[in-house]
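If you're wondering where the values come from, they're calculated on a predicted model, not measured in any experiment. Computed from heavy atoms alone, side chains included, the values below leave out hydrogens, waters and symmetry copies.
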Amino acid sequence: MKRVLPPLNALRAFEAAGRLGSFKEAAAELHVTHGAISQHIRLLEAWLGSSLFERHNRRVQLTPAAAAYLQKIGPLFEQLSQATARYGVTETDARVLSVNAPATFTLRWLVPRLARFRADHPGVEVRIETSNGPLESLKEDYDVVIRGGPDTFYGYSMRPFLTEERLPVCSPALLRRMPLRSPEDLRHHTLLHTSSLPRLWPDWLAGAQIAALRPAATLTFDHFYLTLQAAIDGIGVAMGPTALVADDLACGRLVTPFPGPRLPSRSYCTYVADEKSGDERIALFRSWLERQGSGS
């Protein structure tokens with residue numbers, strides 16, 4: 001049976017104008033002129049044989065019949081949008097690699113190295129979103145998820161690529177003002193904390209056999225990258241993850257006043273859904289991360 005369908009562009013204009021209550025706003029949403037919306041509405045009204053809108057100054061109002069019509073077709077446009085987003089693949093989408101990674105790791109380790117990946121693989125565009133939430137809580141279907149590990153998730157393969165330890169770091173300028181000759185000298189300093197990692201300093205102080213030490217002051221930040229930036233700015237002493245402060249240590253923005261103890265830390269790992277295991281772009285990115293992580 002042949003389907004009876006109105007002109008689809010006219011229907012699209014009607015849905016936007018009816019939902020927004022404005023031809024002008026519908027034109028802006030659809031990236032066409034106000035006149036084009038009016039023309040489409042007139043075409044649809046002629047096709048249906050009835051009026052769709054009542055004009056009131058700069059606003060428009062649906063007729064009762066048109067409001068009922070919109071109530072029926074509105075959800076169909078939403079379903080079409082969702083289906084297109086899920087199944088539609090453009091040439092640009094085909095080469096975009098979506099990655100989700102923790103914010104501090106992204107800022108301090110991944111972003112400074114991404115230019116190397118782009119130089120090696122100019123045909124692959126990387127889109128990065130940051131999140132510290134657990135893998136199972138992510139709503140979007142990312143190509144690569146970077147989290148600590150190693151952990152096991154059903155339906156995902158895991159590969160570690162970067163290891164690190166944690167130990168105190170501070171700016172050289174701070175040490176010139178207030179030397180740290182031994183861990184006990186921390187009692188004269190401000191210890192920088194991150195609210196999501198409350199055990200870092202207590203565990204290190206216990207490992208250094210000075211669990212009862214009371215510093216001159218403490219300062220807590222809600223993001224780890226802010227804690228590290230405060231250390232670079234000479235505000236206090238932070239617990240630095242060796243992988244994420246390696247560049248700062250190499251160029252002298254930070255120093256390690258003590259050789260140890262070094263707290264063990266979880267490795268950074270890539271997690272990829274099993275159904276994506278054959279994707280060449282993902283394989284390239286994972287291998288590149290592993291080479292960067294090993295320093296090769």
*Carefully, step by step, assess T242 and L249 under the rule side chain to side chain contact (heavy atoms under 4.5 Å, CB included).*
CA-CA 9 Å; T242 52; L249 294 173; 5.8 Å; no
_M158 and T152, any side-chain heavy atoms less than 4.5 Å apart_ = no
*Just wondering, are more than 12 heavy atoms of other shown residues or ligands nearer than 6.0 Å to CD in E165?*
yes
*When you look at T106 and I146, which way does the side chain to side chain contact (heavy atoms under 4.5 Å, CB included) test go after all the steps?*
CA-CA 10 Å; T106 301; I146 297 174; over 6 Å; no
*Over 12 foreign heavy atoms within 6.0 Å of CD, E280*: no
*Can you name the closest pair of heavy atoms from G234 and R177 and give their distance?*
O-NH2, 3.0 Å
*Which class fits the ring pair F117 and F285: parallel under 30°, tilted 30 to 60°, perpendicular over 60°?*
perpendicular
_I'd like to check F161 versus S294 (side-chain heavy atoms, cut-off strictly below 4.5 Å). Are they in contact?_
no
*D279: what forms a side chain to side chain contact (heavy atoms under 4.5 Å, CB included) with it, not counting sequence neighbours?*
R281, I282
*Quick one: does P257's side chain get under 4.5 Å of C170's, heavy atoms only?*
yes
*Can you hop from L175 to F258 via hydrophobic side chains spaced under 4.5 Å?*
yes
_Minimum heavy-atom distance L200-R166, with the two atoms named_ = CD2-CD, 3.4 Å
_Same apolar cluster: Y69 and F53, side chain cutoff 4.5 Å_ = yes
*Tell me the ring pair (Phe, Tyr, Trp, His ring centres under 6.0 Å) pairs involving residues 129-158, sequence neighbours left out?*
F153-Y271
*Interatomic distance, L263 atom CG to E164 atom CD [nearest 0.5 angstrom]*: 11.0 Å
*Verify same cluster id: W109, L97 (apolar side-chain graph, 4.5 Å)*: yes
*Do W201 and P215 have side-chain heavy atoms sitting under 4.5 Å apart?*
no
_Does atom NZ (K276) have a neighbourhood of more than 12 heavy atoms from anything else shown, all under 6.0 Å?_
yes
*So which of I37, L43, L62 actually passes side chain to side chain contact (heavy atoms under 4.5 Å, CB included) with F14?*
L62
*Cut-off 3.5 Å, side chains only: do D143 and S98 have a donor facing an acceptor?*
yes
*What are the two closest non-hydrogen atoms of P75 and K72, and how far apart are they?*
CD-O, 3.6 Å
For residues 225-233, which side-chain N or O atoms pair as donor and acceptor with protein atoms under 3.5 Å away, sequence neighbours left out?
residue : atom : partner : partner atom : Å
T227    : OG1  : H193    : O            : 3.3
T227    : OG1  : T194    : OG1          : 2.7
T227    : OG1  : H223    : O            : 3.4
Q229    : NE2  : D233    : OD1          : 3.1

*Apply side chain to side chain contact (heavy atoms under 4.5 Å, CB included) to L186 and L191, showing your working.*
CA-CA 8 Å; L186 287 170; L191 300 190; 4.0 Å; yes
*Do Y268 and L244 come within less than 4.5 Å of each other through their side chains, counting heavy atoms only?*
yes
*Taking atom CZ of R266 as the centre, does the number of heavy atoms from other residues, nucleotides or ligands within less than 6.0 Å exceed 12?*
yes
*What closest approach, in Å, do S195 and D222 show between heavy atoms, and which atom pair accounts for it?*
OG-CA, 3.4 Å
_In one Ile/Leu/Val/Met/Phe/Trp/Tyr side-chain cluster, 4.5 Å: W288, L284_ = no
_Between CD1 on residue I73 and CZ on residue R19, distance to nearest 0.5 Å_ = 10.5 Å
*Contact summary for R147 and G133, nearest pair of heavy atoms*: NE-O, 2.7 Å
*asked:* How long is the straight-line distance from CG of L192 back to OG1 of T220, given to the nearest 0.5 Å?
replied: 8.5 Å
*How far apart are the closest heavy atoms of V169 and T256, and which atoms are they?*
CG1-CG2, 3.9 Å
*Do the side chains of L30 and R12 get nearer than 4.5 Å, heavy atoms only?*
yes
*Could you tell me the separation between the CE atom of M239 and the CH2 atom of W204, rounded to the nearest 0.5 Å?*
7.0 Å
*Determine, using the 4.5 Å side-chain heavy-atom cutoff (strictly less than), whether I128 and V272 are members of one ILVMFWY cluster.*
yes
_Apply side-chain hydrogen bond (donor to acceptor under 3.5 Å, both in side chains) to residues R159 and T270 and explain how you reach the verdict._
CA-CA 5 Å; R159 283 164 50 177; T270 54; 5.1 Å; no
*Do other residues, nucleotides or ligands put more than 12 heavy atoms under 6.0 Å from the CD atom of Q39?*
no
_Do F221 and L219 have side chains that approach each other closer than 4.5 Å (heavy atoms only, starting at C-beta)?_
yes
*Report the distance from atom CG of L174 to atom CG of L180, rounding to the nearest 0.5 Å.*
7.0 Å
*Gap between atom CZ of R214 and atom CZ of R187 - 0.5 Å precision*: 14.0 Å
*Hey, does the side chain of H40 reach the backbone of G35 with a donor-acceptor pair shorter than 3.5 angstrom?*
no
_Plane angle bin for H34 and F23 - parallel if under 30°, tilted between 30 and 60°, otherwise perpendicular_ = tilted
*How about L138 and S131: do any of their side-chain heavy atoms sit closer than 4.5 Å?*
yes
*asked:* Let's go through S196 and N132 carefully: what are the C-alpha distance in whole Å and the side-chain angles of both, what is the deciding distance for side chain to side chain contact (heavy atoms under 4.5 Å, CB included) to 0.1 Å, and is it a yes or a no?
replied: CA-CA 10 Å; S196 59; N132 295 322; over 6 Å; no
